Peer 1: 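Handing you a structure now.
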Amino acid sequence: MQVVVLAAGQGTRMRSALPKVLQPLAGRPMLAHVLETARTLGAAKICVVYGHGGEAVREALSAPDLAWAHQSPQLGTGHAVQQALPHLDDDRITLVLYGDVPRIGEATLRRLLAAAEGTRLGLLTVALDDPTGYGRIIRDAAGQVQRIVEHKDATEAERAVREVNTGILAAPTALLRDWLGRLSNDNAQGEYYLTDIIAMAVEAGVPVVATQPDTVVETLGVNNRRQLAELERSYQRDVADRLLEAGVTLADPARIDVRGTLSCERDVRIDVNCVFEGEVVLGEGVHIGAHCVIRNARIGAGTRIQPFSHIEDTTMGAACVIGPYARTRPGTELGEDVHLGNFVEVKNSRIADHSKANHLAYVGDADIGQRVNVGAGTITCNYDGANKFRTIIEDDVFIGSDTQLVAPVRVGRGATLGAGTTLTKDAPAEQLTVSRAKQLTIAGWKRPVKAPK
Ligand code: UD1
Ligand code: CA
């Protein structure tokens with residue numbers, strides 16, 4: 001089996017500089033969803049037909065297993081499939097998919113492919129309450145598919161037919177090649193219609209077998225932002241249903257967005273309006289508070305992420321308490337029972353078990369040991385404007401509030417830094433280090449007063 005993906009349409013109604021098939025659904029280009037499905041089916045070849053301005057499509061999704069066929073000008077769906085023919089093997093079935101029909105499912109396509117086995121033409125059709133605009137499936141008195149008539153070419157009686165062409169079909173390639181070579185554009189739109197091969201198959205005595213999708217949403221195409229938004233919601237609702245079935249508690253299944261993969265162990269609870277991106281793994285009993293954004297993270301069992309936290313490229317151990325309003329940036333590795341409180345930012349740092357930074361701190365390029373207390377307002381000064389340097393804080397250190405650690409610098413095991421210290425040299429283990437101007441009281445000093453007017 002081989003796949004042709006039509007992706008040459010301009011998508012004018014999206015009103016965007018981005019080609020239509022690159023518009024994201026659940027964080028990935030629509031075309032990437034279709035390619036993933038084609039790969040899951042085990043396609044021996046995948047050829048993408050791309051159009052004018054479509055170089056960006058090629059660049060965005062190029063992969064060694066993809067062939068690309070340029071279609072210019074765009075003379076219709078039949079003409080589009082013709083452009084892919086040089087890449088296709090005659091002895092395989094060709095499946096035609098669409099870059100702007102991103103939710104087509106594997107099970108539906110397996111049924112369609114089975115229908116096309118043994119020199120048949122498989123056609124995916126659906127019955128719609130409002131078939132306006134679609135090609136209609138015309139059957140004979142015995143119920144056999146005879147041909148497809150496009151809406152614009154159809155008579156009043158034909159337009160009353162509710163069974164429509166989804167556009168997705170599977171055909172023996174040698175025959176497809178022959179039929180495409182005989183298409184004409186003598187129709188209402190002056191286009192080479194792929195749909196005209198149905199009547200040719202019937203004429204050649206090739207059985208046409210119509211199959212139906214598991215759900216209509218799989219066959220919906222995207223021509224405008226409203227349709228894209230509707231598919232996004234349906235996608236997210238399906239993700240939410242799968243999470244619920246897997247035992248995850250969602251405060252509101254309509255208010256979660258997963259743009260990637262979210263894997264959850266037992267008894268995970270997720271409050272409203274959380275966004276998960278990339279690959280996220282939540283351990284047993286993890287609780288995610290409302291309004292969190294979590295991208296590429298592994299979160300250990302029992303950890304609580306409190307509301308409005310932002311977690312990116314981070315791993316954290318069990319029983320941590322993060323936020324509210326915490327931010328971990330790429331390269332953050334937290335041990336067990338680490339606490340990060342409000343307005344604490346951590347970047348490219350390791351913080352070991354039982355350490356805490358509970359308020360207003362910046363920890364960048366640091367290695368922090370176990371049982372360290374990072375006081376409020378502490379900042380690692382890791383950047384001199386050109387270079388970044390590391391701060392090392394060993395086990396059992398206590399850092400007083402409002403301390404600046406000017407890297408590179410090391411704080412020895414068990415050391416204490418007095419509040420307000422600007423540390424520019426290493427602090428020895430077990431001792432108090434403090435840099436602070438001596439406190440003065442000026443006796444008899446008077447606050448200036450304004451002169452009377
Ligand atoms: C097509 C079908 C119609 C079906 C409908 C389902 C034909 C003639 N008609 O109609 O029976 O009900 O889809 O949505 O096939 N494309 C190209 N190059 C072209 C023309 C189209 O790549 O020259 C691509 C478009 O990007 C799009 C797809 O083919 O992804 C369908 O094209 P579109 O013009 O939307 O076809 P419809 O007229 O909607
Ligand atoms: Ca269309």
Side-chain angles (χ1 to χ4, degrees), residues 3-14 16 18-23 25 29-31 33-35 38 47-54 57-58 68-85 95-104 121 123-128 130-138 145-154 158-159 161-169 171 176 179-180 183-200 208 210 212-213 216-224 227-228 231:
V3 172
V4 175
V5 184
L6 302 193
Q10 282 194 17
T12 327
R13 280 178 285 164
M14 299 299 283
S16 174
L18 195 65
K20 177 162 79 172
V21 295
L22 292 186
Q23 298 287 343
L25 175 77
M30 286 196 277
L31 179 55
H33 290 263
V34 179
L35 295 177
C47 180
V48 181
V49 180
Y50 69 106
H52 136 97
V57 177
R58 242 185 119 147
W68 297 85
H70 192 243
Q71 187 200 18
S72 177
Q74 286 151 38
L75 304 178
T77 50
H79 178 256
V81 176
Q82 259 175 1
Q83 310 312 304
L85 286 175
L95 171 66
V96 178
L97 301 178
Y98 298 82
D100 58 0
V101 183
R103 297 219 57 209
I104 187 64
L121 196 155
L123 190 61
L124 192 67
T125 71
V126 281
L128 297 180
D130 178 11
T132 309
Y134 288 90
R136 306 299 204 282
I137 308 298
I138 307 301
V145 175
Q146 292 299 299
R147 60 193 169 90
I148 295 176
V149 60
E150 290 305 299
H151 181 94
K152 285 184 179 149
D153 299 289
E158 288 166 339
R159 285 183 182 180
V161 172
R162 287 173 49 233
E163 187 185 7
V164 305
N165 173 33
T166 64
I168 293 169
L169 56 80
L176 180 67
W179 296 330
L180 290 174
L183 289 180
S184 96
N185 64 352
D186 181 16
N187 52 51
Q189 303 182 77
E191 288 183 6
Y192 295 92
Y193 290 164
L194 176 60
T195 44
D196 283 350
I197 70 167
I198 310 305
M200 293 180 184
V208 177
Q212 282 70 46
V216 170
V217 82
E218 290 182 45
T219 67
L220 296 181
V222 172
N223 295 307
N224 56 45
Q227 291 168 335
L228 180 57
L231 278 197

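Both counts, for ligands and for their atoms, begin at 1 and track the order of listing. Not measured: the values here are computed from a predicted model.
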Peer 1: Between Tyr98 and ligand 1, which part of the residue brings a heavy atom under 4.0 Å of the ligand: side chain, backbone, both or neither?
Peer 2: side chain
Peer 1: Say whether Val164 and ligand 1 are in contact under the criterion: heavy-atom distance to a ligand atom below 4.0 Å.
Peer 2: no
Peer 1: Could you tell me which atoms of ligand 1, counted from 1 in the order shown, lie closer than 4.0 angstrom to a heavy atom of Ala8?
Peer 2: 17 (C), 18 (N), 22 (O), 26 (O)
Peer 1: I'd like to check whether Gln189 has a polar contact with ligand 1, where a contact means an N/O of the residue lying under 3.5 Å from an N/O of the ligand.
Peer 2: no
Peer 1: Would you mind listing which atoms of ligand 1 come within a distance below 4.0 Å of any non-hydrogen atom of Leu75?
Peer 2: 23 (O)
Peer 1: Got an N/O contact under 3.5 Å between Gln71 and ligand 1?
Peer 2: yes
Peer 1: Distance-only, no hydrogens or angles: does the Arg147 side chain make a donor-acceptor pair with backbone N or O of Ile198 under 3.5 Å?
Peer 2: no
Peer 1: So, are Lys152 and Glu191 salt-bridged, with charged N and O less than 4.0 Å apart?
Peer 2: no
Peer 1: Looking at non-hydrogen atoms alone, which of Leu169, Asn165, Thr219, Asn187 comes nearest to atom 4 (C) of ligand 1?
Peer 2: Asn165
Peer 1: Any luck finding a side-chain donor-acceptor pair between Thr132 and Asp130 under 3.5 Å?
Peer 2: yes
Peer 1: Which of the numbered atoms in ligand 1 are under 4.0 angstrom from any heavy atom belonging to Tyr193?
Peer 2: 8 (C)
Peer 1: Please confirm whether His79 comes under 4.0 Å of ligand 1, counting heavy atoms of the residue only.
Peer 2: no
Peer 1: Out of curiosity, Asn224 CG to Thr12 OG1, how far, rounded to the nearest 0.5 Å?
Peer 2: 11.5 Å
Peer 1: For a quick check under 3.5 Å, do Arg136 and His151 share a side-chain donor-acceptor pair by atom type?
Peer 2: yes
Peer 1: Do any N or O atoms from the side chain of Gln146 and from the backbone of Ala199 form a donor-acceptor pair under 3.5 angstrom?
Peer 2: no
Peer 1: I need the atoms of ligand 1 closer than 4.0 Å to a non-hydrogen atom of Ala80, numbered in the order shown.
Peer 2: 17 (C), 18 (N), 22 (O)
Peer 1: Going by the order shown, which atoms of ligand 1 are within less than 4.0 Å of some heavy atom of Thr166?
Peer 2: 6 (C)
Peer 1: Quick check: His70 with Tyr50 (ring centres under 6.0 Å apart)?
Peer 2: yes
Peer 1: Return yes or no for this condition: an N or O of Thr77 is under 3.5 Å from an N or O of ligand 1.
Peer 2: yes
Peer 1: With heavy atoms of Gly76 as the reference, note each atom of ligand 1 found under 4.0 Å away.
Peer 2: 19 (C), 20 (C), 23 (O)
Peer 1: Could you tell me the separation between the CD1 atom of Ile168 and the CG atom of Leu194, rounded to the nearest 0.5 Å?
Peer 2: 11.5 Å
Peer 1: Report, in ascending order of atom number, the atoms of ligand 1 lying under 4.0 Å from any heavy atom of Glu150.
Peer 2: 2 (C), 3 (C), 7 (C), 8 (C), 9 (N), 10 (O), 11 (O)
Peer 1: Would you mind running through ligand 1 and noting each atom that sits below 4.0 Å from a heavy atom of Gly135?
Peer 2: 3 (C), 4 (C), 11 (O), 12 (O)
Peer 1: For a quick check under 3.5 Å, do Asp153 and Tyr193 share a side-chain donor-acceptor pair by atom type?
Peer 2: yes
Peer 1: Does a side-chain heavy-atom distance below 4.5 Å link Asn165 with Ile137?
Peer 2: yes
Peer 1: Counting only nitrogen or oxygen atoms and a 3.5 angstrom limit, does Asp100 reach ligand 1?
Peer 2: yes
Peer 1: Please determine whether any non-hydrogen atom of Val49 lies less than 4.0 Å from an atom of ligand 1.
Peer 2: no
Peer 1: Please check if the side chain of Tyr98 supplies one atom and the backbone of Gly167 the other of a donor-acceptor pair under 3.5 Å.
Peer 2: yes
Peer 1: Using a plain distance cutoff, I'd like to know if Gly9 has any nitrogen or oxygen under 3.5 Å from a nitrogen or oxygen of ligand 1.
Peer 2: yes
Peer 1: Decide whether an N or O pair under 3.5 Å exists between Leu194 and ligand 1.
Peer 2: no
